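A short write-up of the structure that comes next.
Values reported hereafter were calculated over all heavy atoms of this structure, with side chains retained and with hydrogens, waters and symmetry mates removed. Along the sequence shown, residues are numbered consecutively beginning with 1. Just so you know, these numbers come straight off a predicted model, no measurement behind them.
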Amino acid sequence: MGKYFGTDGFRGEANVNLTAEHAYQIGRFLGWYYGELKKQKQLDEPAKIVIGKDTRRSSYMFEYSLVSGLTASGADAYLLHVTTTPSVAYVARTDDFDCGIMISASHNPYYDNGIKLINAKGHKMEAEVENEIEAYIDGEIHEIPFATKKEIGRAKDYAAGRNHYIGYLISTATRSFKGVKVGLDCSNGSSFAIAENVFKALGAETHVINNEPDGTNINTNCGSTHIEILQGYVKENHLDVGFAYDGDADRCIAVDENGQVVGDLILYVCGQYLKKHGDLNNNTVVTTVMSNLGLYKAFDAAGIAYEKTAVGDKYVNENMVKNGHALGGEQSGHIIFSKFATTGDGILTSLKIMEAMIEQKQSLAQLAEPVEIFPQILENVRVYDKAVAQADEDVQKAVKEVEAELGDEGRILVRESGTEPLVRVMVEARSHEICREKVDKVVKVLREKGHVIK
């Protein structure tokens with residue numbers, strides 16, 4: 001990760017550590033950078049960059065700042081307006097754009113925001129380009145010339161691109177959803193303008209909550225990070241299934257007809273379905289190290305192989321692209337279907353779950369029943385130096401002892417946070433009590449060795 005760009009873009013509190021000036025500088029660099037690439041190819045045309053945003057109040061400010069920077073450097077900016085991150089990725093790769101920009105802080109509170117960069121193939125921007133942008137922001141790269149006269153770029157409405165994406169989502173469905181009662185929690189975010197239209201077009205009896213964004217209520221007691229709201233709604237209204245999205249709709253958490261959460265189990269339900277139809281490339285599902293042990297045991301029983309990556313859909317996607325896998329995802333609800341998308345897509349994920357249910361004539365609870373999710377405890381320990389704390393010999397010894405004690409009936413994972421001074425201690429086991437005991441054992445050593453901030 002760089003100084004400003006992490007695994008999911010440049011993120012921070014709006015006008016505190018992510019400012020309008022940062023957005024302007026990013027626009028200035030990208031407009032110049034892609035313009036130079038055009039010139040090298042002897043193309044006499046401006047760079048084309050598509051921009052989407054979520055429903056945060058600050059998203060408008062960042063959109064205008066980016067447009068100012070892009071056009072000042074000679075690029076044309078195409079505005080999708082309020083839309084989802086996966087829609088920007090789709091439009092960038094299908095409509096011949098040089099790159100895409102999404103303004104969103106995903107599941108973060110409304111006062112945060114972020115700038116996600118997407119390349120022309122719909123994947124997350126290459127680290128080399130992000131590193132150059134950081135160098136420009138820090139004044140380490142020469143001043144970029146301003147475009148003048150007819151070379152100054154233009155901003156163009158491109159709401160049509162969002163409509164193309166909606167049409168594409170509808171086209172991926174294999175059956176009508178008629179007769180199925182579906183609940184959607186749009187998190188007062190980007191999906192409010194898309195998800196309901198898609199499900200209604202496919203014939204579902206669609207019940208929607210948290211679809212009235214006001215700029216400050218995105219992710220507030222709703223969506224994928226507050227799944228209890230959808231759980232109650234599905235049970236109270238006797239719905240067949242429910243789907244909750246995050247602020248930019250690249251995540252999906254499902255709720256079955258009994259109000260039970262289906263997180264990791266999405267990979268099992270969809271993996272089994274793809275395998276039955278011969279569409280699970282390499283008979284392999286890509287997961288992260290945070291996926292539940294119960295999921296792996298279910299994969300073993302089903303004869304499905306799996307690979308583990310570091311936490312982050314970026315790493316899942318890299319593995320899938322490199323090895324040609326069809327399905328991958330992480331516990332947080334980022335699920336990637338490589339045949340249909342280049343990034344996690346919450347609405348697409350919900351459509352694929354519906355397909356598995358309808359084609360197999362089973363409820364979501366029935367499809368997920370073979371998976372026994374192991375109890376899990378994750379404790380975030382604030383430390384003075386996370387690298388030193390994790391490398392401590394006594395801490396390592398305690399971790400190895402826990403591994404030996406758990407054997408095949410559990411696991412422990414100790415890792416550093418990518419963005420905070422935290423060591424995350426996670427244990428999965430057959431009971432909550434065992435999890436608590438093993439987590440406490442490692443945390444106790446961290447405290448005794450003086451690593452923990454009091």
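Checked for salt-bridge contact, Lys314 and Asp8 miss the test: no charged N lies under 4.0 Å from a carboxylate O. Using a cutoff of 4.0 Å between basic side-chain nitrogens and carboxylate oxygens, Glu63 and Lys53 are scored as salt-bridged. With respect to the salt-bridge test (charged N to carboxylate O, under 4.0 angstrom), the residues Arg28 and Glu21 do not qualify. With salt bridges taken as basic N to acidic carboxylate O contacts below 4.0 Å, one links Lys200 and Glu196. Salt-bridge formation is detected for the pair Glu428/Arg411: a Lys NZ or Arg NE/NH1/NH2 atom is positioned less than 4.0 Å from an Asp or Glu carboxylate oxygen. Using a cutoff of 4.0 Å between basic side-chain nitrogens and carboxylate oxygens, Lys339 and Asp279 are not scored as salt-bridged. We find that Glu359 and Arg175 are joined by a salt bridge, their nearest charged nitrogen and carboxylate oxygen being less than 4.0 Å apart. At a threshold of 4.0 Å, the pair Asp345-Arg251 does not count as salt-bridged, since none of the basic side-chain nitrogens sits closer than that to a carboxylate oxygen.
Annotation for Ser73 and Gly31: closest pair CB-C, 3.7 Å, computed over non-hydrogen atoms. Annotation for Ile218 and Gly247: closest pair CD1-CA, 3.7 Å, computed over non-hydrogen atoms. Taking all atoms of both residues into account, the shortest heavy-atom contact from Asn210 to Cys222 is ND2-CB, 3.1 Å. For the residue pair Asn113 and Ser59, the shortest heavy atom distance occurs at ND2-OG, 3.1 Å. The minimum heavy-atom distance between Ala365 and Asn258, with the atom names listed, is CB-ND2, 3.7 Å. Closest approach of Asn219 and Ser106 over heavy atoms only: ND2-O, 2.9 Å.
By the 4.5 Å heavy-atom criterion applied to side chains, Val261 and Gln231 are counted as neighbours. Residues Phe177 and Val182 have side chains not in contact (no heavy-atom distance under 4.5 Å, counting atoms from C-beta outward). At a threshold of 4.5 Å between non-hydrogen side-chain atoms, the residues Tyr110 and Arg57 do not count as touching. Thr309 is not listed as a side-chain neighbour of Thr287, based on a closest heavy-atom distance of 4.5 Å or more. Taking 4.5 Å as the limit, some side-chain heavy atom of Tyr158 sits within range of a side-chain heavy atom of Val91. With contacts defined as side-chain heavy-atom distances shorter than 4.5 Å, the pair Ile101/Ile118 does not qualify. Contact of the Met290 side chain with the Leu378 side chain is registered, since non-hydrogen atoms from C-beta on lie closer than 4.5 Å. Between Leu66 and Ile103, some side-chain heavy-atom pair lies under the 4.5 Å cut-off.
Side-chain atoms of Glu134 come within 3.5 Å of backbone N or O of Lys3 as a donor-acceptor pair. In this structure a side-chain-to-backbone donor-acceptor pair under 3.5 Å is present from Asp256 to Gln260. For Ser190 (side chain) and Thr85 (main-chain N/O), no donor-acceptor pair under 3.5 Å exists by modelled atom type. Without hydrogens or angle criteria, Asp240 side chain to Lys181 main chain gives a donor-acceptor distance under 3.5 Å. Of the possible polar contacts, none joining the Asp248 side chain to the Thr84 backbone as a donor-acceptor pair under 3.5 Å is found. Put simply, the side chain of Ser65 gets close to the backbone of Met61: a donor and an acceptor are under 3.5 Å apart.
Heavy-atom contacts from other residues, nucleotides or ligands closer than 6.0 Å to NZ of Lys308 number more than 12. When the shell of 6.0 Å around CD of Glu126 is examined, it contains more than 12 heavy atoms from other residues, nucleotides or ligands.
Using modelled atom types and a 3.5 Å distance limit, the side chains of His451 and Asp385 yield no donor-acceptor pair.
For residues 83-110, the pairs satisfying salt bridge (charged side-chain N to carboxylate O under 4.0 Å, His left out) are Lys38-Asp98, with sequence neighbours left out.
Lys124 pairs with exactly one of Thr342, Asp313, Thr343 by the side chain to side chain donor-acceptor pair (under 3.5 Å) rule, that one being Asp313.
Cation-pi check for Lys352 over Tyr273 is not met; the charged atom does not lie both under 6.0 angstrom from the ring centroid and within 45 degrees of its normal.
Not counting sequence neighbours, the partners of Phe10 by the ring pair (Phe, Tyr, Trp, His ring centres under 6.0 Å) test are Tyr4, Phe5, His22.
Atom OG in Ser332 sits 8.0 Å away from atom CG in Asp246 (nearest 0.5 Å).
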